[in-house]
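Everything on this sheet refers to the single structure shown next.
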Amino acid sequence: MLKKSIINELKYIVGETNVLTTPEALKAYSYDGTTDWQHEPDVVVFPMTTEDVSQIMKLANKEKIPVTPRGGGTNVSGGSIPILGGIVLAMTKMNRIVKIDKENLSATVEPGVVLQDLTIALAKDGLFFPPDPQSFFGATLGGIISENGGGPACVKYGVTKQYVLGLEVVLPTGEITRFGGRTIKNVVGYDLMHIFISGEGTLGIITQAELKLNPLPPAKKTIMAVYNDMADAGETVFRVLEKGIIPGKIEFLDNYIINRVEEMVPIGLPKDADAVLLFEVDGIPEAIEKEAAGITDIAKQYGAREVRPAKDQAEADQYWTARRAGFAATFGKSPTVKNEDVTVPRGMIPDLLNKIKEISKKYDVTITVLGHAGDGNLHPAILTDRKNNEHYERALKAMDEIIESAVELGGVVAGEHGIGLEKQKFFRKTMDPVAVDLMIKIKKLLDPNNIMNPNKIWD
Amino acid sequence: MKDLKELKKIEQYADSCIKCGFCTFFCPVYQEDKIETNVARGKNFLIRQILKGEQKFTKEMQDILGRCLLCKRCWFICPPKTQIDRVVMAARAQKVNEKGMGFIKRLIFSKLMSHRKLFGLFAKIVQKFQWIMPRTEGNVRHVPDFVKVMGRRNFPEFAKKFMRDRVKPVYESADGKPAKIRVGFFMGCLIDFMYPDLGLKAIEFLTRHGVEVVVPKDQNCCGIPMSTNGDFKTARMLANKNIEAFEKLNVDYIVSICATCSSGLKDYQKYLPENEEQKKRYEAFEKKIKDINEFIFDNLKIKPEDLTLKKEFQGKTATWHDPCHLVRYQNIKDQPRAILKGLNGLKYAEMPNADLCCGMGGSFSVYHYDITKKIGAKKMNGVKATGADIVVTACPGCMMSLEDSAIQNNMPQKVYHILELVE
Ligand SMILES: Cc1cc2nc3c(=O)[nH]c(=O)nc-3n(C[C@H](O)[C@H](O)[C@H](O)COP(=O)(O)OP(=O)(O)OC[C@H]3O[C@@H](n4cnc5c(N)ncnc54)[C@H](O)[C@@H]3O)c2cc1C
Ligand code: SF4
Ligand code: SF4
């Protein structure tokens with residue numbers, strides 16, 4: 001519980017209606033996209049301006065109150081859970097698109113802007129922001145930058161960190177700072193901006209961002225390749241890239257997901273396939289026709305039993321809706337789902353897929369795989385039930401082993417969902433200790449009172 | 001531990017929420033204030049807390065439950081298809097079971113609206129005294145300025161003579177031949193009291209297309225105002241009365257020109273059954289219900305180009321507003337568009353956000369008129385973007401709300417029921 005005087009000060013800063021303290025509201029800010037993590041804050045505060053944020057941080061720093069920034073609350077690692085209580089700083093009302101600069105191919109946004117709102121606004125000017133986390137209906141730019149999000153499009157376009165030109169940040173002590181700028185090139189001093197990208201809200205609050213944009217490609221085409229063996233699908237991924245074709249997206253759906261998706265939205269996916277790959281090529285019409293033909297040949301050569309190009313955008317949209325539904329497919333079917341985010345170098349995808357199959361057999365648990373195969377980021381999900389102790393134990397062991405295998409194959413434990421609370425267990429195990437030590441020192445330097453999203457990333 | 005009968009029925013739906021947050025983008029209420037308790041994700045979570053015994057029906061909780069239009073826009077995108085309408089309605093019903101209805105609502109729902117004669121009488125009295133409300137224009141009046149709490153809200157006036165007093169029990173098919181289809185006509189309160197001409201027009205239209213229409217006298221309110229407010233008991237009583245009124249008539253279908261009524265009648269089976277027998281009865285009833293849009297298009301198979309556009313609409317551009325109770329509750333969206341696009345002499349322009357709720361949400365607009373107004377303004381921006389001359393829809397509730405929004409936003413567009421456009 002916070003002192004009444006502190007609540008009053010918060011109300012003074014942001015106004016009465018922007019401070020929530022009812023038990024109901026506190027409950028509604030106790031969760032994020034994870035199944036397990038939950039903790040109530042003492043107060044929810046909605047800043048409207050950078051100055052608000054600065055004053056709130058000064059107050060919190062003086063009183064040593066934990067502050068957890070929260071955007072859309074869609075992260076799946078426990079990042080926005082106020083695990084020590086204190087203040088949840090809900091950024092959702094700072095949601096203005098300040099400027100879209102067509103000449104400079106850049107946009108200035110506040111952190112609460114939801115990605116889909118930005119996408120719609122940019123499309124009017126023939127522009128787009130390439131990183132496309134599949135939670136775009138709920139995820140905010142502040143959250144996406146803090147998690148360095150990326151989606152299917154990152155095979156060709158890369159992840160969020162490649163599209164941030166500048167940031168305005170309020171430090172845990174309340175100072176307002178700016179990093180980067182509006183230029184593509186910038187080597188003025190240390191590049192400190194990037195520690196706030198994927199900082200998971202532990203180093204400061206992002207209050208404004210300057211984003212780099214691309215012009216919308218004039219044409220797109222979707223191709224589905226069907227496989228009897230998922231390892232062949234894995235091999236196709238790096239063969240296509242190796243042959244010099246860089247599709248906009250390459251996504252992977254396994255047999256389990258295909259069948260669940262068909263149950264939810266029947267669109268004629270091949271229910272007996274071990275896996276399918278979805279490719280999207282984008283660019284100049286003539287070029288993408290050639291690329292599509294190339295992908296078709298390579299997929300067939302490496303074991304696809306069938307390659308289906310979508311005949312029009314409507315059919316293509318269906319495939320991509322299916323891909324998005326894949327996520328729900330896993331979650332809807334089981335009381336507890338352990339969703340992984342392992343990422344391996346692309347050449348290792350077939351090995352990882354085979355390993356997952358083995359592990360699934362060994363521990364007798366269902367493991368579904370859905371993922372951004374194009375960048376080696378797979379989301380194996382273990383279906384289990386926390387209430388069934390014996391099963392849950394096996395699931396946890398399987399999860400450990402998947403992560404160990406990924407690391408052995410040269411990969412990492414988290415590709416895009418961050419560490420938060422969920423992956424802490426693996427953080428030290430898989431990170432260079434000198435690097436961890438440095439990170440902890442940086443955190444101490446910026447946040448001497450450890451109030452900024454405390455207890456995240458490392459325990 | 002209290003018995004959580006109503007909530008137990010929907011536990012599986014609330015439980016299926018995966019907290020993905022997709023609903024936040026589509027929820028008209030969340031979009032206005034960006035507060036988590038107002039969106040499906042927050043509601044599902046809090047209702048689960050009630051089920052776990054960790055949350056009570058506090059005043060705040062009741063307010064949160066009230067902040068839902070039941071527009072189902074979130075459901076449309078929700079990956080596991082969490083049935084938010086069921087979840088919220090069941091929670092409201094559970095609250096009523098535990099805490100009662102509140103005096104005024106109880107009076108209105110179970111003592112007034114559920115008794116056809118009495119309600120009619122009451123409506124007549126209101127009609128007699130509506131001169132208290134200043135006239136905005138035509139037959140639209142607004143709340144007097146001194147009643148500040150309501151905002152300057154506009155609504156249509158009560159008709160001079162209600163439909164119930166103008167209607168015959170049976171209308172034979174106009175061509176004199178034996179009718180190919182016999183339907184029961186369900187009026188609903190708003191058509192009865194506010195738009196009786198529209199109701200009579202519908203009957204005339206149907207008989208002209210070879211349909212025999214019967215209008216039972218003992219039909220009642222569809223029950224939606226009660227069930228959406230958690231008064232399942234009264235809603236069930238009305239369901240049973242309505243089924244009884246139509247059961248004995250031996251009709252092929254029961255047609256309504258109010259999207260909310262047709263969906264309400266169809267959904268008795270979804271919200272109200274207490275046992276298997278009731279469920280079967282409600283399900284059988286559901287199969288007979290047709291909204292006028294699907295009836296014209298799917299059952300009578302009338303080609304839009306064979307319909308005659310009324311003279312006054314020649315050369316005009318129309319845009320369509322999807323009533324929530326049509327597009328999401330009944331999956332009817334193509335039929336009205338086909339009709340509007342096919343009508344000779346009418347131009348059609350689709351508005352962005354055609355499926356956005358008008359903002360009324362039944363009694364939602366009584367308690368949260370400020371939010372209703374903001375949603376209405378968004379809707380009107382969509383209308384503006386089309387350059388349309390008229391807004392067409394098929395729900396008297398939406399018509400009321402859209403008319404109010406047009407006036408509030410100083411827009412010249414008038415709102416029509418789709419049937420008003422054709423001869
Ligand atoms: C269905 C689904 C699909 C997903 N798909 C993808 C995907 O394809 N790719 C991907 O990368 N992720 C994906 N995610 C994960 C998640 O959506 C992303 O991590 C997203 O970037 C989080 O954004 P948010 O606004 O919801 O942030 P939140 O969840 O609110 O917060 C995320 C983190 O950022 C911090 N934070 C938020 N705002 C600020 C700010 N202004 N300043 C500083 N710190 C802040 C929080 O403290 C927290 O640590 C998915 C999630 C779901 C539920
Ligand atoms: S869209 Fe559905 S599953 Fe996702 S948070 Fe909303 S209600 Fe829950
Ligand atoms: S039904 Fe409508 S108002 Fe209610 S939560 Fe869903 S989108 Fe929001």
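Remember, predicted model here, so these are calculated numbers, not experimental data. Computation of the quantities below employed the complete heavy-atom set of this structure, encompassing side-chain atoms and omitting hydrogens, waters and symmetry-equivalent molecules. Below, chains carry the letters A, B, ... as their sequence lines are ordered, and counting in each starts from 1.
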For [X], which atoms come within 4.5 Å of any heavy atom of chain B: side chain, backbone, both, or neither?
X	answer
A:Phe46	side chain
A:Leu115	neither
A:Glu263	neither

Residues, nucleotides or ligands: over 12 heavy atoms within 6.0 Å of A:Tyr392 OH
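Enclosed.
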
Side chains of B:Ile77 and A:Phe137 in contact at under 4.5 Å (non-hydrogen atoms)
yes

Less than 4.5 Å apart, side chain to side chain, heavy atoms only: is that true for B:Phe45 and A:Ser30?
yes

Contact list (residues 89-97 of chain A to chain B, heavy-atom gap under 4.5 Å, by number) returns A:Thr92, A:Lys93, A:Asn95

Using modelled atom types only, decide if a donor and an acceptor are shared between the side chain of B:Lys19 and the backbone of A:Tyr31 within a distance under 3.5 Å.
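No: the side chain of B:Lys19 does not pair with the backbone of A:Tyr31.
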
A:Leu26 CG to B:Thr37 OG1 distance, which is reported to the nearest 0.5 Å:
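Result: 10.5 Å between the selected atoms.
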
Tell me, with the steps shown, if B:Gln55 and A:Lys27 meet side chain to side chain donor-acceptor pair (under 3.5 Å).
CA-CA 9 Å; B:Gln55 171 67 43; A:Lys27 284 194 178 98; 2.7 Å; yes

Could you pull out the closest heavy-atom pair between [X] and [Y], with the gap in Å?
X	Y	value
A:Tyr29	B:Lys34	OH-O, 3.9 Å
A:Glu24	B:Leu46	O-CD2, 3.7 Å
A:Gln116	B:Phe25	CG-CZ, 3.3 Å

Enumerate the salt bridge (charged side-chain N to carboxylate O under 4.0 Å, His left out) contacts for residues 69-81 of chain A, please, sequence neighbours excluded, ordered by first and then second residue.
A:Arg70-B:Glu36

Salt bridge (charged side-chain N to carboxylate O under 4.0 Å, His left out) pairs, two or more places apart, involving residues 58-68 of chain B
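Passing the test, one end in residues 58-68 of chain B: B:Asp63-B:Arg67.
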
Flag the one option from A:Val76, A:Thr22, A:Val44, A:Val114 with the top tally of heavy-atom pairs under 4.5 Å to chain B.
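Among A:Val76, A:Thr22, A:Val44, A:Val114, the one with the most close pairs to chain B is A:Thr22.
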
Among all residues two or more places apart in sequence or in another chain, which pass the salt bridge (Lys or Arg N to Asp or Glu O under 4.0 Å) test with B:Glu32?
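Here the qualifying residues are B:Lys378.
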
So what's closer than 4.5 Å to chain A heavy atoms on B:Asp33: side chain, backbone, both or neither?
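Only the backbone of B:Asp33 comes within 4.5 Å of chain A.
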
